[in-house]
Amino acid sequence: MLFIGDGSIQMTVQELSSILRRDLKPIIFLINNDGYTIERLILGENSSYNDVNRWRYAELPYVLDTRNRSRRLIVHTEDQLEAAVEQAATANELVFIEVMMERTDAPESLKRFAKMFADFDFGPSPKATETLSMAV
Ligand SMILES: Cc1ncc(C[n+]2csc(CCOP(=O)(O)OP(=O)(O)O)c2C)c(N)n1
Ligand SMILES: [Mg+2]
C-alpha cells in the first residue's frame, strides 16, 4: 500500500511507470487536497506558491502504460472510500484510489505542530502571516 500527496506525486510520477512495467500491483492512495497542505498550515494558507496544477490523477496509470491493467477510483466520502478499499482487497491488478479532501483537512496535532513550526521560523505570534506583514 502506498500513500502519496498530490504535490509529491508531481515530482515522482515516473516511478508509477516503473511499477507498471514490473507488473507490481500496489494499492495506491493519492491524497488530493489541492496543493501543499502541510505548507499551507505553516504559512500562506491561500497563497499561490502552495498551489500545484490540477491533474487528472486517476488517469495516470492509464496514461503511463499501453496495457489496461489497473483499476482507477475517485472517492469523495468515507462510504465511497470504504467501498473502494473493499474492491481493492480482492483486486488482482494495480488499484489507484484518488481521495478528494478539503485543502486544510488535517489532524489537530499536525495543525498545532505547524503553528509551532511557523513560530520557530517567523517568531512567536498569534499568526505567522500577521508577523510577516508587520515586518514588511
Ligand atoms: C524534493 C523536495 N522538494 C520540496 C520539498 C518540500 N516539501 C515538503 S512537504 C511539501 C508539500 C507536499 O505536498 P503534498 O504531497 O500534496 O502533501 P500534503 O501536505 O498536501 O498532504 C513540499 C513541497 C521536499 N520535501 N522535497
Ligand atoms: Mg497535497
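Counting begins at 1 with the first residue of the sequence. Everything numeric in this text was worked out from a predicted model, so none of it was measured. Counting starts at 1 for both ligands and their atoms, in listed order.
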Chemist: Can you name the closest pair of heavy atoms from V52 and Q10 and give their distance?
Modeler: CG2-NE2, 3.9 Å
Chemist: Please collect all salt bridge (charged side-chain N to carboxylate O under 4.0 Å, His left out) contacts where either partner lies in residues 4-15, sequence neighbours excluded, each pair once.
Modeler: none
Chemist: Show every side-chain hydrogen bond (donor to acceptor under 3.5 Å, both in side chains) that has at least one partner inside residues 89-100, sequence neighbours left out.
Modeler: K25-N92, N32-E98, R71-E93
Chemist: Please determine whether side chain to side chain contact (heavy atoms under 4.5 Å, CB included) holds for the pair E45 and T104, giving the CA-CA distance in whole Å, both sets of side-chain angles, and the decisive distance to 0.1 Å.
Modeler: CA-CA 8 Å; E45 183 176 327; T104 50; 3.8 Å; yes
Chemist: How many angstroms lie between CG in L94 and CG in L16, if you round to the nearest 0.5 Å?
Modeler: 6.5 Å
Chemist: Any N/O/S atom of D34 sitting less than 2.8 Å from the Mg ion (ligand 2), backbone or side chain?
Modeler: no
Chemist: Could you check if a side-chain atom of F29 sits within less than 4.5 angstrom of a side-chain atom of V95, using non-hydrogen atoms only?
Modeler: no
Chemist: Taking N, O or S atoms only and a limit of 2.8 Å, check whether V52 reaches the Mg ion (ligand 2).
Modeler: no
Chemist: Return a table of donor-acceptor pairs under 3.5 angstrom between the side chains of residues 60-67 and protein atoms on other chains or two or more places apart.
Modeler:
unit_1	atom_1	unit_2	atom_2	d
D65	OD1	R67	N	2.7
D65	OD1	R69	NH2	3.4
D65	OD2	R69	NH2	2.9

Chemist: Let me check your reading of the structure: within less than 2.8 Å of the Mg ion (ligand 2), is there an N/O/S atom from N33?
Modeler: yes
Chemist: Can you tell me the N, O or S atom of D6 that's nearest the Mg ion (ligand 2)?
Modeler: OD1
Chemist: Hey, are D51 and R103 close enough for a salt bridge, meaning a charged N less than 4.0 Å from a carboxylate O?
Modeler: yes
Chemist: Under a strict 4.0 Å criterion on non-hydrogen atoms, which protein residues are in contact with ligand 1?
Modeler: G5, D6, G7, S8, M11, N33, G35, Y36, T37, I38, E39
